[in-house]
Protein chains: 2
Amino acid sequence: MANEAGALCISSTNLAEFIGVNSCQIRKDFSYFGYLGIRGSGYNIEKLIKKIKSILKITVVQKAALVGVGNLGSAILSFPGFAVYGFNIAAAFDVSPQKIGKKINNVKIENISKLWILKRKKVNLAILAVPSEAAQSTTEKLVKAGVKGILNFSSCYLSVPKKVKVITTDIAMELARLPYYIPAG
Amino acid sequence: MANEAGALCISSTNLAEFIGVNSCQIRKDFSYFGYLGIRGSGYNIEKLIKKIKSILKITVVQKAALVGVGNLGSAILSFPGFAVYGFNIAAAFDVSPQKIGKKINNVKIENISKLWILKRKKVNLAILAVPSEAAQSTTEKLVKAGVKGILNFSSCYLSVPKKVKVITTDIAMELARLPYYIPAG
DNA sequence: AAGGTTATGTGAATGTGAACACAAGAACTA
DNA sequence: TAGTTCTTGTGTTCACATTCACATAACCTT
């Protein structure tokens, strides 16, 4: 687990066990990014984390905006997990006058008509948690505001220019996949 | 769009456009489940939905339990999207005495020590929204209670018996994937 | 220091999924 | 009814991802 220099190491076998895949998959995948490991001892954990962070481009704090502060949006604002990857929710937006002006987790909720400030604030990423009906139109505003990546929680396909990347997570659909794997009875 | 019988149809090309994939992908995938379409007109929408629901085994209302009624859990309880696929949140559990006994969206929050009632209630599915530290131990209780499928929102790998299916959705990791696609600048 | 052990990195084989191209069938038109 | 237009379903090709197996290298123990 530790090499000569005292640095903590982990083997592909160990990593594979932790996440439930084959060990050579780990090695093959890592090898695409160069010689990360040391034969006989494994992968230097610190170096590995740095390398993966640099591949994902999360070496510096990334700013993200939250659009739609409903139930899910509020949960996201209070979610502590983003810090792990160095994310910072720099702004939040909603249409509801009752919400605008309030603060959740130290983030002030702005009027959604002010999405354009994202350009000035140089916020590249947005988390979209608005109702499906509003998803496409809001997306277009986000694109205009210079957003380059959208994490979409609404259950619909978003049409965007090629330069913009969308990742969609449909919670209900994930749940709907489960029964398929479960034998009847 | 409509065949002789007046039933509404949709072509693979149309479907493909809607969800942003290649049309032959649609046809190939559907063909694995038999002759679903009609040459010249397309796929009968109603029949198609029924077929997909039967493949996913969501033809009848599926009961699911929510475990962990924190920010995310509360959002999930209030989430209207599950109804689309015929899901019913039949029970909710938490450890916090302040939450136990309260109702959200007409679902009463039970003490997590009562997870065993899921067996009697014949609830097969669980949505896990507890802190990562508690995820594995809670999972084991769920498995004991007869749960066969778990939708896991905590950011860790869950070790379960082979007969149990886990689908993990790590919101922070999804967001962490975005910067990778975005050119620096 | 030398031999044994451990673990990486990779060529080759295998498996899987996507794309292409087209034959065949259904609907529509005149 | 005959010909034209759609659209499915599929054989084939291509591309990619996973797994196997092992040579190579670093570490460890005596």
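Just the heavy atoms: all of them, side chains too, but no hydrogens, waters or symmetry mates, feed the values below.
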Legend entry - Integer-rounded Å distance: D/dC6 C1' and B/I38 CD1: 13 Å

Legend entry - No-hydrogen, no-angle side-chain donor-acceptor test under 3.5 Å, A/S113 and A/N111: yes

Legend entry - Length of the line joining A/L36:CG and C/dG9:P, which is rounded to integer Å: 7 Å

Inset, instruction - Could you work out which one of C/dG9, D/dT10, C/dA7 sits closest to the side chain of A/S31? - result: C/dG9

Inset, instruction - Please state how far atom OH in B/Y35 lies from atom C1' in C/dA24, giving the value in whole angstrom units. - result: 11 Å

Inset, instruction - Tell me whether the OP1 or OP2 atom of C/dG17 has a side-chain N or O from B/Y32 closer than 4.0 Å. - result: no

Inset, instruction - Could you tell me the separation between the CZ atom of A/R27 and the C1' atom of D/dA23, rounded to a whole number of Å? - result: 13 Å

Inset, instruction - Round to a whole Å and report the spacing from CZ of A/F33 to C1' of C/dT8. - result: 17 Å

Inset, instruction - Tell me whether the OP1 or OP2 atom of D/dT19 has a side-chain N or O from A/Q25 closer than 4.0 Å. - result: yes

Inset, instruction - Using only side-chain N and O atoms of B/N22, determine if any of them is under 4.0 Å from OP1 or OP2 of C/dG17. - result: no

Inset, instruction - Kindly state whether the ring of B/Y157 and the ring of A/F18 have centres lying under 6.0 angstrom apart. - result: no

Inset, instruction - Using the closest heavy atom to pick a nucleotide of DNA chain C for each, name whichever of A/C24 or A/G40 lands nearer the 5' end. - result: A/G40

Legend entry - Residues B/N152 and B/S154: side-chain donor-acceptor under 3.5 angstrom: yes

Inset, instruction - From the options D/dG11, C/dT10, D/dT18, select the nucleotide whose nearest atom is closest to the side chain of A/D29. - result: D/dT18

Inset, instruction - Let me know which of A/V166, A/L128, A/T169, A/I76 forms a side chain to side chain contact (heavy atoms under 4.5 Å, CB included) with A/L151. - result: A/T169

Legend entry - Qualifying residue, where the test is side chain to side chain contact (heavy atoms under 4.5 Å, CB included) with A/K47 and the options are A/N44, A/I49, A/I45: A/N44

Inset, instruction - Could you check whether B/S12 gets within reach of a base, just the sugar-phosphate, or nothing at all, counting any heavy atom under 4.0 Å? - result: sugar-phosphate

Inset, instruction - Check the distance between D/dA17's P and A/I26's CD1 and give it to me in whole angstrom. - result: 15 Å

Inset, instruction - Look at all strands and tell whether B/Y43 reaches a base, only sugar-phosphate, or nothing, counting heavy atoms closer than 4.0 Å. - result: sugar-phosphate

Inset, instruction - May I have the distance from A/K28 (atom NZ) to C/dG11 (atom C1'), rounded to whole angstrom? - result: 7 Å

Legend entry - Upstream residue (5' side of DNA chain D) when B/F30 and A/R39 are each assigned their closest nucleotide: B/F30

Inset, instruction - Round to the nearest Å and state the distance from A/N14 atom CG to C/dT6 atom P. - result: 13 Å

